[in-house]
Q: 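Quick one: the structure is below, and I'll ask about it shortly.
One-based numbering, in listed order, for ligands and for the atoms of each. Both backbone and side-chain heavy atoms feed into the values below; hydrogens, waters and symmetry mates do not.
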Amino acid sequence: MLKNKSKYVVAVVGATGAVGNEMMSVLEERKFPVEKIRLFASERSAGKTLEFKGEDIVVEALNENSFKGIDIALFSAGAERSKIWAPIAASSGCVVVDNSSQWRMDPAIPLVVPEVNAHDLKWHKGIIANPNCSTIQMVVALKPIHDAAKILRVVVTTFQAVSGTGKKAMDELLQQTTDMLNFREVRCDVYPHQIAFNVLPHIDKFLENGYTKEEMKMVNETQKIMGDKSIRLTATTVRVPVFRGHSEALNIETEKKMTAREVRELLSAAPGITIFDAPEKNVYPLPVEISGKDDVFVGRIREDESIENGINMWIVSDNLRKGAALNAVQIAEELVKMSQ
Ligand code: NAP
Ligand code: 12T
């Protein structure tokens with residue numbers, strides 16, 4: 001449990017990465033009560049400095065004693081690191097908010113999107129899992145609809161930015177794009193195929209059932225966060241040559257009929273959602289427009305005319321903000337509220 005303090009010692013594990021860097025910005029912007037920040041990354045980065053609130057902070061490598069005196073640790077250094085270090089941190093009395101996939105489906109660990117299931121924070125035992133980026137933005141939009149009309153089934157297709165994979169993937173998209181424009185040969189290191197000027201129906205590893213891990217994360221994490229195993233969901237996750245911002249096309253079937261107008265009104269009053277839905281003015285959410293913003297943006301809301309009770313919509317959010325760093329900091333903010 002987090003102690004009641006006016007300021008906290010906060011660690012960012014994976015501080016040199018795409019998500020870790022964003023975590024530092026979000027902590028600073030939202031004026032999280034930081035007494036002291038400690039930054040961790042691999043041994044390769046130990047000794048480097050990163051700026052937090054105008055001050056240069058030295059990056060450290062992890063060791064068994066690293067977490068002594070730390071109140072909250074935001075982890076974003078990959079599942080293998082979380083597997084080893086999150087339990088060590090938790091046993092030093094530190095509360096861990098973990099961004100990796102390591103603990104998400106562990107029944108003893110809450111998986112939280114504050115707009116949806118902040119109540120699950122009550123039963124944490126030192127580690128809280130932050131969901132997958134594609135799941136987070138989707139459940140923010142699904143929750144109000146589920147409460148109003150009970151969702152029976154969701155069919156989702158994602159269009160995911162390369163920043164979801166990390167810094168190296170952003171460099172690869174930039175490099176391949178410049179190589180293509182200069183008639184040079186393209187090299188592929190991060191993805192199995194060229195991502196520049198291409199679309200890859202493949203995110204994370206393939207599983208026995210023909211789906212990717214990313215697709216199955218969307219199924220399993222949605223049921224856990226919404227606390228409802230009866231929601232049926234099927235996903236196709238696709239990588240597109242976009243730097244920041246995941247887009248998703250959703251088809252939602254509900255028990256109770258909702259008109260497009262009712263859904264628009266419901267979502268515009270819901271926390272964390274902004275509606276961009278004026279097709280007559282070419283207004284709909286776009287990754288380049290919402291990059292760096294906090295909300296989940298929803299547009300193209302319309303009835304599915306092929307079934308009785310169906311809604312189609314388009315949702316876009318910044319995968320490094322709400323999809324990762326912002327959601328983690330919001331969880332930490334909830335923990336602070338609960339401790340007071
Ligand atoms: P990234 O840009 O590649 O950064 C990886 C970070 O991990 C770097 O700070 C790296 O440090 C650090 N690291 C690597 N090996 C380490 C080690 N042995 N010990 C300590 N630190 C180590 O990746 P990213 O996009 O920020 O993602 C990082 C994590 O966040 C992954 O677990 C990923 O699954 C998760 N993630 C979650 C979501 C989500 O859906 N919520 C979204 C994106 C990412 P160096 O710079 O020293 O190598
Ligand atoms: N492979 O947090 O490549 O489970 O975009 C998030 C993003 C895993 C995760 C990606 C990934 C995760 C990606």
Q: When you measure from atom 47 (O) of ligand 1 to every protein heavy atom, which one gives the shortest distance, and what is it?
A: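 For atom 47 (O) of ligand 1, the nearest protein heavy atom comes out as S45 OG, 2.4 Å.
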
Q: Could you check atom 10 (C) of ligand 1 against the protein and tell me its nearest heavy-atom contact, residue, atom and distance included?
A: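 For atom 10 (C) of ligand 1, the nearest protein heavy atom comes out as T16 OG1, 3.8 Å.
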
Q: Is there at least one pair of N or O atoms, one from H246 and one from ligand 2, spaced under 3.5 Å apart?
A: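 No; the residue has no nitrogen or oxygen that sits under 3.5 Å from a nitrogen or oxygen of the ligand.
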
Q: Tell me yes or no: between the side chains of N312 and D304, is some donor less than 3.5 Å from an acceptor?
A: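 The criterion, which ignores hydrogens and geometry beyond distance, is not satisfied for D304 and N312.
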
Q: Considering only heavy atoms of T165, which atoms of ligand 2 have at least one such atom less than 4.0 Å away?
A: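 In order of numbering, the contacting atoms are 3 (O), 5 (O), 10 (C).
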
Q: Distance only, no hydrogens: is a donor on one side chain within 3.5 Å (strictly under) of an acceptor on the other, for Y211 and T237?
A: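 No, no side-chain donor-acceptor contact under 3.5 Å.
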
Q: Can you tell me which portion of N132 lies within the under-4.0 Å heavy-atom range of ligand 2? Options are side chain, backbone, both, or neither.
A: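 For N132, the contact with ligand 2 is made by the side chain alone.
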
Q: Begin from the C-alpha positions of S163 and N319 and carry the test side-chain hydrogen bond (donor to acceptor under 3.5 Å, both in side chains) through to its verdict.
A: CA-CA 8 Å; S163 54; N319 55 299; 2.9 Å; yes

Q: So, E333 and K337, do they make that salt bridge, N to O below 4.0 Å?
A: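 Result for this pair is no, no salt bridge flagged.
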
Q: Please report whether ligand 1 has a polar contact with A324, defined as an N or O pair separated by less than 3.5 Å (distance criterion only).
A: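 Min N/O separation from ligand 1 is not below 3.5 Å for A324.
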
Q: Would you say the side-chain atoms of S42 and R81 include a donor-acceptor pair closer than 3.5 Å?
A: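 No, R81 and S42 have no side-chain donor paired with an acceptor closer than 3.5 Å.
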
Q: Let me see the working for R321 and D295 under salt bridge (Lys or Arg N to Asp or Glu O under 4.0 Å), right down to the final yes or no.
A: CA-CA 9 Å; R321 303 281 296 195; D295 270 7; over 6 Å; no

Q: Any idea how F67 and F75 line up, ring-wise: parallel (<30°), tilted (30 to 60°), or perpendicular (>60°)?
A: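 F67 and F75: parallel rings.
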
Q: Taking only heavy atoms of R44, which atoms of ligand 1 are found under 4.0 Å from at least one of them?
A: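 Those atoms are 14 (C), 15 (N), 48 (O).
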
Q: Within the structure, does E214 bring an N/O atom to less than 3.5 angstrom of an N/O atom in ligand 2?
A: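 In fact, backbone or side chain, E214 has no N or O that close.
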
Q: Looking at atom 40 (O) of ligand 1, what's its closest protein heavy atom, distance included?
A: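 I find the closest protein heavy atom is C133 N, 2.4 Å.
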
Q: Could you check which of S82, G166, A169 puts a non-hydrogen atom nearest to atom 23 (O) of ligand 1?
A: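 The nearest heavy atom belongs to G166.
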
Q: Would you mind checking which non-hydrogen protein atom is closest to atom 44 (C) of ligand 1, with the distance to 0.1 Å?
A: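 The answer is V19 CG2, 3.6 Å.
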
Q: Is a side-chain donor-acceptor pair under 3.5 Å present for K322 with N327?
A: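 Note: N327 and K322 side chains meet the donor-acceptor criterion.
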
Q: Output yes when the distance from some N or O of ligand 1 to some N or O of G323 is under 3.5 Å, and no in every other case.
A: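 For ligand 1, there is an N or O atom that lies under 3.5 Å from one belonging to G323.
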
Q: In the protein, which heavy atom is nearest to atom 12 (C) of ligand 1, and how far is it?
A: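 Protein heavy atom at minimum distance: A77 CB, 3.9 Å.
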
Q: Check ligand 2 against S101 and write out every atom of the ligand that is under 4.0 Å from a heavy-atom position of the residue.
A: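 Listed by number with element, the hits are 4 (O).
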
Q: Taking all atoms of both residues into account, what is the closest heavy-atom pair of C188 and H193, and its distance?
A: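 It is SG-C, 3.6 Å.
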
Q: Can you confirm whether the side chains of Q160 and S134 place a donor and an acceptor under 3.5 Å from each other?
A: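 Yes - a donor-acceptor pair under 3.5 Å links their side chains.
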
Q: Under 3.5 Å, is there a donor on one side chain and an acceptor on the other for Y284 and S247?
A: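 Result is no, nothing qualifies.
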
Q: Does P131 have a heavy atom less than 4.0 Å from any atom of ligand 1?
A: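 P131 counts as a contact of ligand 1 under the 4.0 Å cut-off.
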
Q: Which residue supplies the protein heavy atom nearest to atom 29 (C) of ligand 1, what is that atom called, and how far is it?
A: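 Going atom by atom, the protein heavy atom closest to atom 29 (C) of ligand 1 ends up being S76 OG, 3.4 Å.
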
Q: For atom 18 (N) of ligand 1, what is the closest protein heavy atom, and at what distance to 0.1 Å?
A: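 Going by distance alone, atom 18 (N) of ligand 1 is nearest to R81 CD, 3.3 Å.
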
Q: Say whether S42, considering both its backbone and side-chain N or O atoms, lies within less than 3.5 Å of an N or O atom on ligand 1.
A: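 So ligand 1 has an N or O lying under 3.5 Å from an N or O of S42.
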
Q: Would a distance-only check, ignoring hydrogens and angles, find a side-chain to backbone donor-acceptor pair under 3.5 Å from E172 to D189?
A: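 Judged by distance alone, yes, a pair lies under 3.5 Å.
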
Q: Which atoms from ligand 1 have a heavy atom of N130 less than 4.0 Å away?
A: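 It comes down to these atoms of ligand 1: 41 (N).
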
Q: Taking 4.0 angstrom as the limit and counting only heavy atoms of K217, give me the atoms of ligand 2 inside it, by number and element.
A: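 Those atoms are 4 (O), 8 (C), 9 (C), 11 (C), 12 (C).
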
Q: Between E214 and N132, is there a side-chain donor-acceptor contact under 3.5 Å, judged purely by atom types and distance?
A: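 Judged by distance alone, the side chains do pair up.
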
Q: Please could you name the atoms of ligand 1 that G78 approaches to less than 4.0 Å, counting only its heavy atoms?
A: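 The atoms of ligand 1 under 4.0 Å from a heavy atom of G78 are 29 (C), 31 (C), 32 (O).
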
Q: Run the ring-centre check on F159 versus W314 and record whether the distance is less than 6.0 Å.
A: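 That pair passes the under 6.0 Å test.
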
Q: Are R187 and D179 ion-paired here, with the side-chain N under 4.0 Å from a carboxylate O?
A: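 Salt bridge absent between R187 and D179.
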
Q: Please determine whether a side-chain nitrogen of the Lys or Arg among D277 and R300 lies less than 4.0 Å from a carboxylate oxygen of the Asp or Glu.
A: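 Looking at R300 together with D277, the answer is no, because their closest N to O distance does not fall below 4.0 Å.
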
Q: By number and element, which atoms of ligand 1 are closer than 4.0 Å to a non-hydrogen atom of G17?
A: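 Near G17, the atoms of ligand 1 are 1 (P), 2 (O), 4 (O), 8 (C), 9 (O), 26 (O).
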
Q: What protein heavy atom sits nearest atom 7 (C) of ligand 2, and how far off is it?
A: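 The answer is G164 O, 3.2 Å.
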
Q: If you take the nearest heavy atom of each of N99, V162, V13, which one is closest to atom 36 (N) of ligand 1?
A: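 Nearest heavy atom to atom 36 (N) of ligand 1 lies in N99.
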
Q: Looking only at protein heavy atoms, which one is nearest to atom 5 (O) of ligand 2, and what is the separation?
A: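 Closest protein heavy atom to atom 5 (O) of ligand 2: R239 NH1, 2.9 Å.
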
Q: Is there a polar contact between ligand 2 and R104, counting only N or O atoms under 3.5 Å apart?
A: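 Yes: some nitrogen or oxygen of R104 is under 3.5 Å from one in ligand 2.
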
Q: Using distance alone, with no hydrogens and no angle criterion, decide if Q102 and D98 have a side-chain donor and acceptor under 3.5 Å apart.
A: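 No, because no side-chain N or O of Q102 sits under 3.5 Å from a partner of the opposite role on D98.
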
Q: To the nearest 0.1 Å, how far is atom 34 (O) of ligand 1 from its closest protein heavy atom, and which atom is that?
A: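 Nearest protein contact, heavy atoms only, for atom 34 (O) of ligand 1 is S100 CA, 4.3 Å.
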
Q: Is K213 in contact with ligand 2, taking contact as a heavy-atom separation below 4.0 Å?
A: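 No; K213 lies far enough from ligand 2 that no heavy-atom distance drops under 4.0 Å.
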
Q: Counting from 1, what ligand 1 atoms have a heavy atom of G164 closer than 4.0 Å?
A: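 Result: 43 (C), 44 (C).
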
